[in-house]
**Student:** 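Input: one structure, supplied below.
Numbering starts at 1 and runs along the sequence shown.
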Amino acid sequence: TFDGFTASWSPAPSVSLRYGWLDRVHRVNSDRAIEPAARERRLDGHTFNAAWTQGPHRVSGYVHAIADEDM
């Protein structure tokens with residue numbers, strides 16, 4: 001799971017915009033895992049999505065900019 005938030009905005013019926021921010025990823029092994037990569041990780045993650053719909057057609061673009069601050 002992640003700590004973070006998302007925001008959505010639709011300035012027109014055919015346009016949708018989304019932004020997400022990720023701060024921390026919680027791994028299944030918890031902070032007590034022997035292997036550091038299997039522990040909880042600090043991230044600086046930003047996700048963007050823009051979509052435009054016209055009739056049956058939809059065009060969308062994505063950006064995922066995620067930095068692992070524990071590496």
**Student:** If we ignore hydrogens and angles and just use 3.5 Å, is the side chain of Asp44 paired with the main-chain N or O of Asp23 as donor and acceptor?
**Tutor:** no

**Student:** Out of His26, Arg42, Arg24, which one pairs with Asp3 under the side chain to side chain donor-acceptor pair (under 3.5 Å) rule?
**Tutor:** His26

**Student:** Are Phe2 and Trp21 linked, directly or through other ILVMFWY residues, by side chains that come within less than 4.5 angstrom of each other?
**Tutor:** no

**Student:** Does Arg18 reach the side chain of Ser60, with side-chain heavy atoms less than 4.5 Å apart?
**Tutor:** no

**Student:** Nearest 0.5 Å, what's the OG-CG distance between Ser10 and Leu17?
**Tutor:** 7.5 Å

**Student:** When rounded to the nearest 0.5 angstrom, what is the spacing between OG in Ser8 and CG in Asn49?
**Tutor:** 8.5 Å

**Student:** Establish whether Phe48 and Phe5 are linked, either directly or via other cluster members, by ILVMFWY side-chain heavy-atom contacts under 4.5 Å.
**Tutor:** yes

**Student:** Between His46 and Tyr19, what is the shortest heavy-atom contact and its length?
**Tutor:** ND1-OH, 2.6 Å

**Student:** About how many Å separate CZ of Arg58 and OG1 of Thr53, when rounded to the nearest 0.5 Å?
**Tutor:** 4.0 Å

**Student:** What is the minimum heavy-atom distance between Asp68 and Leu43, and which atoms define it?
**Tutor:** CA-CD2, 4.0 Å

